[in-house]
Each structure stands twice: as C-alpha cells, then as structure tokens.
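Throughout, a chain's letter reflects where its sequence line sits, starting with A, and its residues are numbered from 1. Below, all heavy atoms of this structure are taken into account, side chains as well, without hydrogens, waters or symmetry copies.
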Number of protein chains: 2
Amino acid sequence: MSSGRGHHHEPAGAWTGHAESALRAAGHRSGGARSSVIAQLAASDCCATAQEVHDAIRASGQRVGLASVYRVLDQLVAVGAVTRVEFGDGVSRFEPAPPDGSHHHHLVCERCGVVRPFESPELERAIHGVGDRERFRVETHEVVLHGRCPDCLPKRA
Amino acid sequence: MSSGRGHHHEPAGAWTGHAESALRAAGHRSGGARSSVIAQLAASDCCATAQEVHDAIRASGQRVGLASVYRVLDQLVAVGAVTRVEFGDGVSRFEPAPPDGSHHHHLVCERCGVVRPFESPELERAIHGVGDRERFRVETHEVVLHGRCPDCLPKRA
DNA sequence: GTTCCTGCAAAATTTTTGCATCAGT
DNA sequence: ACTGATGCAAAAATTTTGCAGGAAC
C-alpha cells in the first residue's frame, strides 16, 4: 500500500480532482475527512465498504470518524462521483466512478470471496437496449455475477 | 388477496411445490411459518422484503415471528428456490426462483420507487459470455437498472 | 463572522441468535 | 421420543442522526 501505481490506466489521479470539483460544485466545503475518504477511494483498485475505508484511513494515522466516512460517501454518491454496489451480504460497497463514464461490474467468488471487476461492451449494449424497449430512462445500473473464481474451481485431471 | 390469479403464466402453483420439495430434500421439516412464507412469496408478483412478507402474513391473520420469516427465507435461498436481490437501499428483497431456471431482472424508479421486472435473452447471453471469457463459473447473477419509469419521465410538449 | 464540516456518542434499522416450547417425522 | 421448527425477546451489525467545537469560505 502506497501511492496508486496504475494497474491498467490509472484514472485515480484524475478522479481525485473530479470528485473534489463535483463536491465543490454541489456547494460542499472541503475538509479533512473528505480529503481522506477521497484519497483512500482513489488508492483502492476496486470497491470497498465504509468500514474498510475507515480502517484504511485510521491505519494511515489519521483520526476520522466512521460517521464522517458515511457522510462523505453519501455526498460522493449523490454527485455521481462514486458508485454504490451491493453484493447481497447486506453491506454497501463504494468505488470511484471515472469521469469519462466508463465503468465495470463485478464477479464475486462465493467460496473465497474474491471480487474481480470486468468490463463488457456487449453487456452494456444489452442494458441500453432494455432501457429503450421498456421505455425506462436508465441512469445507473449494476451487474453482479456470483460463482466460482478459477482458483476455487474444481480443477479436473 | 386470494389465490394466485396469474398475471402472465403463473408459475406460482408449480413453484410452491418445488420450494417444498427442495426444502424437504435438504432435510428440513414442514411447519406453519414455512408454509406461510412460501404461500406469501408465491402470491407476490415480484420481490418483497422480509418485513413485507411478514406484514402480509400477519395481515392474513396468522401469527408468525419475523425471525422465522428470515429463517425460512435463508433456507429457501440456500436451496436455490428463492433469489435474494438488493437495490442499494440496504434492505434485502426475496422472490421465487422458478424451477425451470427462467428469471428476470429489475428496473427501479429512483423517483417513485416502483419496481418492474424485465427479461432479456440478449442480456443473459452477454453475461454468459463474460463468464466464459473471465474463466469464472457464474452460478447466479443480478442486474439492477436504476432510473426513471415512464410515469416519472418529464413528458415534453 | 457565519455556515458547514467533523468526531464522538447515541439512536434507528435490519438481521441474527438464544432459549423455552411446540410440532413433524 | 427425538429432533428440528417456531415465537418472542435480546443481541449484533450496519447506517443514520444529534450535538458541541472547529475549520472553511
């Protein structure tokens, strides 16, 4: 854990600025808790729970209240800079929403719990088609695939 | 409220038996709470929260504990007779999983809260493709589309 | 200087668990 | 009869709210 050495195309740096701008545009003030949450989200590769964000911030030596983490996350979701995801375990997870509109979905291994992001233009097209057909203006969407990751797959012969 | 007059192709009756069988096969005993929960789920067109299921059962005059509703729902999810869905509001919803493997997903209106189910073979194909490509054995999946339903869409001119 | 953000503690929700009792097999 | 199911109450876990003090604008 350190700075964000990008795995693919590191939108982290850009996202941080985007998030700050979006909050300021919505009339919110800057503050310590806010900076910490944004920095932590930018550093994480994928989604994290409020508790995980909080723990990571505390681990870095900063004193931030869990309630403030929730408040900042709510603001970020409200301005569209963060996406809320739920995997069915009753806990909300949060991840940066890149300003370019690109996004991914998640594969969750039911055995080891690993979460892996994936992208699929085909899937996005299908979803867009559903919105048109149902005359529903789709603003956001989440796809969660549950199953077995390669490591937890019973490898045969 | 009465028996299940099917809206489309009423899998309700068939599902009730399927659910009972699946639970028995898993070694569970029959009981009052269980029958009530299954009957209530079969009667509902789409997903319902544990609290809603409980309220509906009480409204029908039966005395069932909320904890029992949760317990039965957990058993049903475990044997695959019920699907758990989360829309991002921190509450789990449950709905019958037809024995024929068919299933739908959900459109949720962010304004009026209405939930509408939809089906899309194209979407299912795309998801299947993702599993293959990612070498992930997808066992279940959920798709939730958030946006505006026709009634809440700003109708122009 | 005013307003909003922040941390802590308390409250509110949703879900789970303990336990005595009752029902199913 | 034995074992699991059930209802109620209490507990646990997650998220929200109240409030006093401090920072941002």
Side-chain angles (χ1 to χ4, degrees), chain A residues 19-40 47-79 81-94 113, chain B residues 19-40 47-79 81-94 113:
Chain A
E20 299 276 12
S21 304
L23 288 181
R24 187 168 48 235
H28 293 293
R29 288 183 188 173
S30 184
R34 187 173 109 172
S35 308
S36 296
V37 170
I38 291 177
Q40 187 52 45
C47 49
T49 65
Q51 189 66 57
E52 285 167 350
V53 171
H54 183 240
D55 290 347
I57 292 173
R58 297 290 265 242
S60 79
Q62 294 173 74
R63 187 140 306 267
V64 169
L66 178 57
S68 297
V69 172
Y70 275 105
R71 281 187 282 237
V72 173
L73 288 173
D74 281 346
Q75 293 173 356
L76 286 166
V77 169
V79 300
V82 157
T83 303
R84 178 197 301 265
V85 194
E86 287 191 297
F87 292 160
D89 58 355
V91 187
S92 289
R93 281 151 220 274
F94 305 84
Chain B
E20 298 277 12
S21 304
L23 287 182
R24 187 169 48 235
H28 292 292
R29 288 182 188 171
S30 185
R34 187 174 110 172
S35 307
S36 296
V37 170
I38 290 177
Q40 188 52 45
C47 48
T49 66
Q51 189 66 247
E52 286 167 350
V53 171
H54 183 240
D55 290 347
I57 292 173
R58 297 291 264 242
S60 78
Q62 294 172 75
R63 185 140 307 266
V64 169
L66 177 57
S68 296
V69 172
Y70 275 105
R71 281 188 282 237
V72 172
L73 287 173
D74 282 346
Q75 294 174 355
L76 287 166
V77 170
V79 300
V82 158
T83 303
R84 178 197 302 266
V85 194
E86 288 190 298
F87 292 159
D89 58 355
V91 187
S92 289
R93 279 153 222 272
F94 304 84

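A:His28 has a side-chain polar atom (N or O) that falls below the 4.0 Å cut-off from OP1 or OP2 of C:dC5. For the pair A:Tyr70 and D:dT15, the criterion of a side-chain N or O lying under 4.0 Å from OP1 or OP2 is met.
A salt bridge is absent between B:Arg84 and A:Asp89; no separation between the charged side-chain nitrogens and carboxylate oxygens falls under 4.0 Å.
Straight-line distance from the CG atom of A:Leu73 to the P atom of D:dT15: 10 Å, rounded to whole Å. Atom CD of B:Glu20 is separated from atom C1' of D:dA5 by 13 Å (rounded to the nearest Å). With rounding to whole Å, A:Arg93 atom CZ is found 14 Å from D:dA13 atom C1'. One atom, CZ of A:Arg84, and another, P of D:dT14, lie 15 Å apart when rounded to the nearest Å. Here C:dT6 presents its P atom at 8 Å from CZ of A:Arg34, a figure rounded to the nearest Å. Protein atom CG of B:Asp89 is 11 Å distant from nucleotide atom C1' of C:dT14, rounded to whole Å. Note: CZ (B:Arg63) to P (D:dA9) measures 11 Å, nearest angstrom. In this structure, A:His54 places its NE2 atom 14 Å from P of D:dT14, rounding to the nearest Å.
Which of D:dT15, C:dT16, C:dA9 sits closest to the side chain of A:Ala67 comes down to C:dA9. For B:Ser68, whose side chain is taken as the heavy atoms from C-beta onward, the closest listed nucleotide among C:dG7, D:dC2, D:dG7 is D:dG7. Distances from the side chain of B:Arg58 to the nucleotides D:dC8, C:dC5, C:dT6 place D:dC8 closest. Comparing C:dC5, C:dG7, C:dT14 by their nearest atom to the side chain of B:Val91 picks out C:dT14. Comparing atom distances between the A:Ser92 side chain and each of D:dT15, C:dC5, D:dC8 picks out D:dT15 as nearest.
Neither side chain, B:Gln51 nor B:Thr49, offers a donor N or O lying under 3.5 Å from an acceptor on the other.
Annotation: of the two residues near DNA chain C, B:Gly31 and A:Ser30, the 5′-most nearest-nucleotide partner is A:Ser30. The 5' end of DNA chain D is approached more closely, in terms of each residue's nearest nucleotide, by B:Gly65 than by the other of B:Gly65 and A:Gly32.
Taking the side chain as every heavy atom from C-beta outward, A:Arg34 and A:Glu20 approach each other to under 4.5 Å. Proximity of B:Glu52 to B:Gln40: side-chain heavy atoms (C-beta onward) are nowhere separated by under 4.5 Å. Contact check for A:Val72 versus A:Val53: no side-chain heavy atoms found under the 4.5 Å cut-off.
If you check distances only, the side chain of A:Arg71 does reach the base of C:dG7 with a donor-acceptor pair under 3.5 Å.
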